[in-house]
Amino acid sequence: MLTNQSIQNVSRNQSLQINKWILLALLLSSSLIIACRTSKLTVLPHIDKTSTGKNGMVVSAHSLASQVGLDILQAGGNAIDASVAVQFALAVVYPNAGNIGGGGFLILRTADGSMLSLDYRETAPHAANSKTFLDEKGEVITDKSYVGHNSAAVPGTVAGMWELHQKYGKLPWKKLVQASIDLAKKGYSIDAREAKLLNDNLSDFKQYNTQDNAYENTKAWNEGDLLVLKDLAVTLERIRDLGTDGFYKGATAEAIVAEMKRGKGIITLQDLLDYKPKWRAPVIGQFNEYTVITLAPPSSGGIILMQVLGMIDAFGLDKIGMNEPKSMTVMAEAEKIAFADRATHLGDPDFYHVPEEALLNPKYLKSRAALINPNLATPSDQISSGISAPKHSEQTTHYSIADKKGNVVSVTTSLNNNFGSKVV
């Protein structure tokens, strides 16, 4: 969800023609789309152009977080600096998905044309094994992997932001974290959606925490209430002053492990010390005149995006029309097929061989596209993987930032479920 206040359209020396099918595809993953030719900027008639700026763009799920990023750009920071600041701000004002207790994926295209991907998703604790979520009879304990202490993995967000800043940041780290500290200390007024989310999860906050926390209220939350997060502010101050050592070591790390012990979780100090984000080669492909830079596994979004684009290319959707039933059917069918491959073949490359080349082979995608009937929807249970369904993420957020130099960052960050494990 984008709020109107969070959108700043960027104007650059080389303007882009926005293809409507590219915009649809962008919804599938963290990706960057770069035009290979100079052309006139076109804004689709059904999309509100709320504001225009010559020096950058910040788009996120919350207007306060977007303003934090914009302030960093206006203070002389680059898109990388703004990304760090927005990530920490979202941990305060968008706690159901923004986080310092989860992780994310990031695509970066620098002003000099370098294309990079950073994987800072969470990792399993060392003590996790194939029996972690089973009972004594070997049966799955339904909610154990979704909520509570055992569902929590080792957080990657702080390490990811530190790694990004150390390599490409311009402004001091402390300046980037300070805005989120101010928001947490002073509090912010919640809207109706945020109040409903807090109320809907109140029983879980009480059930899965061993101590009181700021998200629990003595009465129902209402629109306009002030949410103050003083404990989070203290944690962010440690991160501001000590970087990763303010989270993976010292008081914060000890507090995490103490909570794990109280709740019979399995994250240890060693798990926190061992966490490292990973730079990975992005998936890079072409769609018409556009170069698409997107995520490689363990993210599934990039390969899905390229598969969908590869399958729909032959159907001439531009001529059919964006909102025509035939176009929507083609899009939906291509996504079903790609998700069938996802369920079978996409995993963590550190532990599982992902057949990336085979999944993106043009001949393979042509054969998969042949399964699409633009006049008839196929039941999902009749679609299977083409070579040789788990519960999907419910709460993920995305933000994109560009600066006047041409650095562009595209980030997907997640807690998997609303408020993640529900453990504070």
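Side chain of Asn416 to main chain of Gly420: no donor-acceptor pair is present (N/O by atom type, distance under 3.5 Å, no hydrogens or angles). Without hydrogens or angle criteria, Lys175 side chain to Gly77 main chain gives no donor-acceptor distance under 3.5 Å. Between the Ser151 side chain and the Gly148 main chain, a donor and an acceptor come within less than 3.5 Å of each other. Side-chain N or O atoms of Thr252 include one that pairs as donor or acceptor with a backbone N or O of Gly246 at under 3.5 Å. Side chain of Ser367 to main chain of Tyr364: a donor-acceptor pair is present (N/O by atom type, distance under 3.5 Å, no hydrogens or angles). Remark: side-chain polar atoms of Tyr248 are paired, donor with acceptor, to backbone N or O of Ala159 under 3.5 angstrom. A donor-acceptor pair under 3.5 Å links the side-chain atoms of Gln307 to the main chain of Leu359, judged by distance alone. For Asn96 (side chain) and Gly98 (main-chain N/O), no donor-acceptor pair under 3.5 Å exists by modelled atom type. Remark: side-chain polar atoms of Tyr215 are not paired, donor with acceptor, to backbone N or O of Leu227 under 3.5 angstrom. The backbone N or O of Tyr290 sits nowhere less than 3.5 Å from a side-chain atom of Asn288 that would complete a donor-acceptor pair.
Under the 3.5 Å distance criterion, with hydrogens and angles disregarded, no donor-acceptor pair is assigned to the side chains of Glu357 and Asn361. Using modelled atom types and a 3.5 Å distance limit, the side chains of Thr413 and Thr397 yield no donor-acceptor pair. Side chain to side chain, His398 and Ser400 meet the donor-acceptor criterion of an N or O pair below 3.5 Å. In this structure, a donor-acceptor pair under 3.5 Å is present between the side chains of His62 and Glu194. Arg280 and Ser117 share no side-chain donor-acceptor pair at under 3.5 Å.
Between Ser414 and Arg121 there is a side-chain heavy-atom pair separated by less than 4.5 Å. Inter-residue side-chain proximity for Asp119 and Ser299 is flagged as unmet; no heavy-atom pair is nearer than 4.5 Å. The closest side-chain heavy-atom distance from Tyr399 to Val59 is not below 4.5 Å. With a 4.5 Å cut-off on side-chain heavy atoms, Leu272 and Pro155 count as touching. When side chains are defined from C-beta on, Leu309 does not count as touching Asp313, because their heavy atoms never get closer than 4.5 Å. In this structure, Tyr120 and Met161 have side chains that are in contact, with non-hydrogen atoms separated by less than 4.5 Å. Residues Leu118 and Phe105 fail the side-chain proximity criterion, which asks for heavy atoms closer than 4.5 Å.
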Kindly list each side-chain donor-acceptor pair under 3.5 angstrom involving residues 258-271, sequence neighbours excluded, with atom names and distances?
from	atom 1	to	atom 2	distance (Å)
Glu259	OE1	Thr210	OG1	2.8
Glu259	OE1	Arg262	NE	3.3
Glu259	OE1	Arg262	NH2	2.7
Glu259	OE2	His149	NE2	2.7
Glu259	OE2	Thr210	OG1	3.0
Arg262	NE	Thr210	OG1	3.0
Arg262	NH2	Gln211	OE1	3.2
Thr268	OG1	Gln270	N	3.4
Thr268	OG1	Asp271	N	3.2
Thr268	OG1	Asp271	OD2	3.1
Gln270	NE2	Asp274	OD1	2.8
Gln270	NE2	Asp274	OD2	3.4
Asp271	OD1	His126	N	2.8
Asp271	OD2	Thr268	N	2.9

List the atom pairs, with distances to 0.1 Å, where a side-chain N or O of residues 199-207 and a protein N or O form a donor-acceptor pair under 3.5 Å, not counting sequence neighbours.
from	atom 1	to	atom 2	distance (Å)
Asn199	OD1	Trp221	N	2.7
Asn199	ND2	Ala195	O	3.1
Asn199	ND2	Trp221	O	2.9
Asp200	OD2	Lys196	NZ	2.7
Asn201	OD1	Lys422	NZ	3.0
Asn201	ND2	Leu197	O	2.8
Asp204	OD2	Lys422	NZ	3.1

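Scored by the side-chain contact (heavy atoms from CB on, under 4.5 Å) test, Ala79 finds Ile401, Asp403, Asn407, Val409 as partners (sequence neighbours excluded). Applying the side-chain contact (heavy atoms from CB on, under 4.5 Å) criterion to Asp212, with sequence neighbours excluded, gives Glu216. Here Lys278 pairs with Asp350 under the salt bridge (charged side-chain N to carboxylate O under 4.0 Å, His left out) rule; sequence neighbours left out. Residues passing the side-chain contact (heavy atoms from CB on, under 4.5 Å) test with Lys336, sequence neighbours excluded: Glu333, Ala377, Ser380, Ile383. Under the ring pair (Phe, Tyr, Trp, His ring centres under 6.0 Å) criterion, Phe247 pairs with no residue, sequence neighbours left out. With sequence neighbours left out, the side-chain contact (heavy atoms from CB on, under 4.5 Å) criterion links Asp231 to no other residue. By the side-chain hydrogen bond (donor to acceptor under 3.5 Å, both in side chains) test, Asn150 pairs with no residue at all, sequence neighbours left out.
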Under the side-chain contact (heavy atoms from CB on, under 4.5 Å) criterion, do Ile284 and Met115 qualify, and how do the steps go? CA-CA 9 Å; Ile284 301 173; Met115 304 175 192; 3.5 Å; yes
Might you work through the side-chain contact (heavy atoms from CB on, under 4.5 Å) test for Leu171 and Ile72, ending with a clear yes or no? CA-CA 9 Å; Leu171 296 183; Ile72 292 297; 4.0 Å; yes
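Scanning all heavy atoms of the two residues, the minimum distance from Leu70 to Val58 falls at N-CG2, 3.7 Å. Closest of all the heavy-atom pairs between Pro297 and Gly347 is CB-O, 3.6 Å. Between Ala214 and Leu229, the closest heavy-atom pair is CB-CD2, 3.6 Å. Scanning all heavy atoms of the two residues, the minimum distance from Ala340 to Arg368 falls at CB-NH2, 4.3 Å. The minimum heavy-atom distance linking Tyr188 with Val92 is given by the pair OH-O, 3.3 Å. Closest of all the heavy-atom pairs between Asn217 and Asp225 is ND2-OD2, 4.5 Å.
Comment: Arg238 does not engage Asp245 in a salt bridge, judged by the lack of any side-chain N to carboxylate O separation of less than 4.0 angstrom.
Pairs of residues two or more places apart, or lying in two chains, that qualify as side chain to side chain donor-acceptor pair (under 3.5 Å) and include a residue from residues 176-186 are Gln178-Asp182, Gln178-Arg240, Lys185-Glu237. The stretch residues 73-83 participates, sequence neighbours left out, in no side chain to side chain donor-acceptor pair (under 3.5 Å) pair at all. The side chain to side chain donor-acceptor pair (under 3.5 Å) analysis of residues 157-168, with sequence neighbours excluded, yields the pairs Asn99-Thr157, Glu163-Trp279.
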